[in-house]
2 protein chains.
Amino acid sequence: MKDKSSYYNVIETLISLFTVDKGVIKIFLLRKKLDPYKGYWMLPGSILREDETLEENIKEVFETKIGLEDIEVKQSHLFGDLDRIVNNRVLAINYIGLVDFVTVDLKQDIEEIEYQWFNINQIPKAAFDHNNIILNAISDLKDVLVNSNSLKKLFPSDFTLREIQDVYEQILGYELDRRNFRKKFISLDLIEPTGMMNDGYSGRPAKLYRFKDKIKERDLF
Amino acid sequence: MKDKSSYYNVIETLISLFTVDKGVIKIFLLRKKLDPYKGYWMLPGSILREDETLEENIKEVFETKIGLEDIEVKQSHLFGDLDRIVNNRVLAINYIGLVDFVTVDLKQDIEEIEYQWFNINQIPKAAFDHNNIILNAISDLKDVLVNSNSLKKLFPSDFTLREIQDVYEQILGYELDRRNFRKKFISLDLIEPTGMMNDGYSGRPAKLYRFKDKIKERDLF
DNA sequence: ACAAAAGTGTTAACTTTACACCCATGT
DNA sequence: ACATGGGTGTAAAGTTAACACTTTTGT
């Protein structure tokens, strides 16, 4: 047992925010403006003050660094390596959030911040241990997305069945038979046609669907 | 934004260690010897020093406060309420561990500590917010125990099929048909008979089984 | 008319459920 | 011989998997 060590630690929150844009799962990253790692990409987050709860901190990060409000998050993993931030012991608690791309388009307008949505298969070199944390979040994402209510957050309305199938193929890592997928998904009684069509793309236009108001929570796959 | 607040926080680790004794899932708790909450039960744990990793801290807790070694743990939830410890902001990171009851019987001999294994349906009044944390751990336990490798940690050898069924009935919250359960479990090809029988109980003695050496990771239920 | 993607139905294989009687042991 | 809990098989229902052609639209 060492004697002079302190029991005070610095904790930062990090947010792994995902969306789906035309069937592709993407994560929100910020461009780091200062050294160290200037120019690298990173997860949004902030240092936890001793007088605020985790939830309060997360809310503030969403408002000031992401430009969104009222996004529900799920706690993921606590990272505590001694050397994850050079010369400082900073623990990081990562949260996973989901937001639909329409909401993103409408609300997100933090002018002074350089951000980008990255395809989860094309994550750039990130600051600190954020590449590792991102991979961990993507892995946890799979457990989140099999749930019908999570899916509804990503696709509240006006999606095609193909887009949902694309998401499942990404998180499962293999292809699904279109006929079987549709039969199964429609039989869950979670969605209804909006009556609109997805025009403007090549090929036959697809029906657009929305999630029903009250859906029963359920795991697919 | 408040100004005078500090960015230094105290973090404690907590361990929710589970075992199964004759088909009953139990959790390991310590009796608190000092005020506040003197005499109440609590989860083992310790304050994290700034110069140790989470894993190092957990290892030490196992050795000094539980009397076991080399138990693999899985990180569960970080609790960050401001008032969870009176007058102090202490965050708690909870870990879930599994240990088979035979190992417990052999190794656990920390004389000076008053501990007890509690049936998870009969948790006593616990110190601080530990009742809440215990309930959270029990809920996370379900996700752990559906996995074949976790089950193997609880039952390395000399268990009856009925004991496994009991565990599943507890985590699922409903009864299973004995015939169907056996057929399914045996068909997984995870276990083999030891050749011994579970004598000394009323009724016909049950066959004893052990998990095979190399089993494929798989989720049941 | 061709390219592109949407939409659709049937059958076989597999998995899950429901269900009742006999067996081995101790008292 | 009775009480206790272990061990077993079969059929029906439900789910999943495999598989190919037609439709709608834009060019």
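Values in this document were obtained by computation on a predicted structure and should not be read as measured data. Convention: sequence-line order gives letters A, B, ...; per-chain numbering from 1.
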Looking at residues at least two apart in the chain, or sitting in another chain, which of them share a salt bridge (charged side-chain N to carboxylate O under 4.0 Å, His left out) with B:Arg178? none
With sequence neighbours left out, the residues meeting salt bridge (charged side-chain N to carboxylate O under 4.0 Å, His left out) with A:Lys207 are none
If you look only at pairs with a residue in residues 146-157 of chain B, which of them pass as a side chain to side chain donor-acceptor pair (under 3.5 Å), with sequence neighbours excluded? B:Glu72-B:Lys153, B:Asn147-B:Glu217, B:Asn147-B:Asp219, B:Asn149-B:Glu217
With 3.5 Å as the limit, what N/O pairs link the protein to nucleotides 1-5 of chain D?
from: D:dT4; atom 1: O3'; to: B:Ser202; atom 2: OG; distance (Å): 3.1
from: D:dT4; atom 1: O2; to: B:Gly203; atom 2: N; distance (Å): 3.2

Per the side chain to side chain donor-acceptor pair (under 3.5 Å) rule, what does the pair list look like for residues 36-46 of chain A, sequence neighbours excluded? A:Ser46-A:Asn57
Could you note down all residue pairs passing salt bridge (Lys or Arg N to Asp or Glu O under 4.0 Å) where residues 14-30 of chain A supplies at least one of them, sequence neighbours left out? A:Asp21-A:Lys26
Applying salt bridge (Lys or Arg N to Asp or Glu O under 4.0 Å) as the test, list every pair that has at least one member in residues 154-173 of chain A; sequence neighbours left out. A:Arg162-A:Asp166, A:Arg162-A:Glu169
What is the first contacted nucleotide of DNA chain C and what is the last, in 5' to 3' order, if contact means an atom lying under 4.0 angstrom from a heavy atom of chain A? C:dA4 to C:dT10
Applied to residues 127-136 of chain A, the salt bridge (Lys or Arg N to Asp or Glu O under 4.0 Å) test, sequence neighbours excluded, yields A:Arg84-A:Asp129
Results of salt bridge (charged side-chain N to carboxylate O under 4.0 Å, His left out) for A:Glu56 - residues two or more places apart only: none
For the pair made of OH in A:Tyr168 and P in D:dT16, what is the distance, rounded to whole Å? 13 Å
Return the value, rounded to whole Å, for the distance between atom CZ of B:Phe159 and atom P of D:dG6. 15 Å
Please list, by residue number, the residues of residues 170-187 of chain B whose heavy atoms come closer than 4.0 Å to an atom of DNA chain D; answer none if no residue qualifies. B:Arg178, B:Arg179, B:Arg182, B:Lys183
Separation of D:dT25 C1' from A:Met197 CE (nearest whole Å): 10 Å
Counting only heavy atoms not in B:Lys32, do more than 12 fall under 6.0 Å of its NZ? yes
Just grab all the salt bridge (Lys or Arg N to Asp or Glu O under 4.0 Å) pairs involving residues 180-191 of chain A, residues at least two apart or on different chains. A:Asp189-A:Lys212
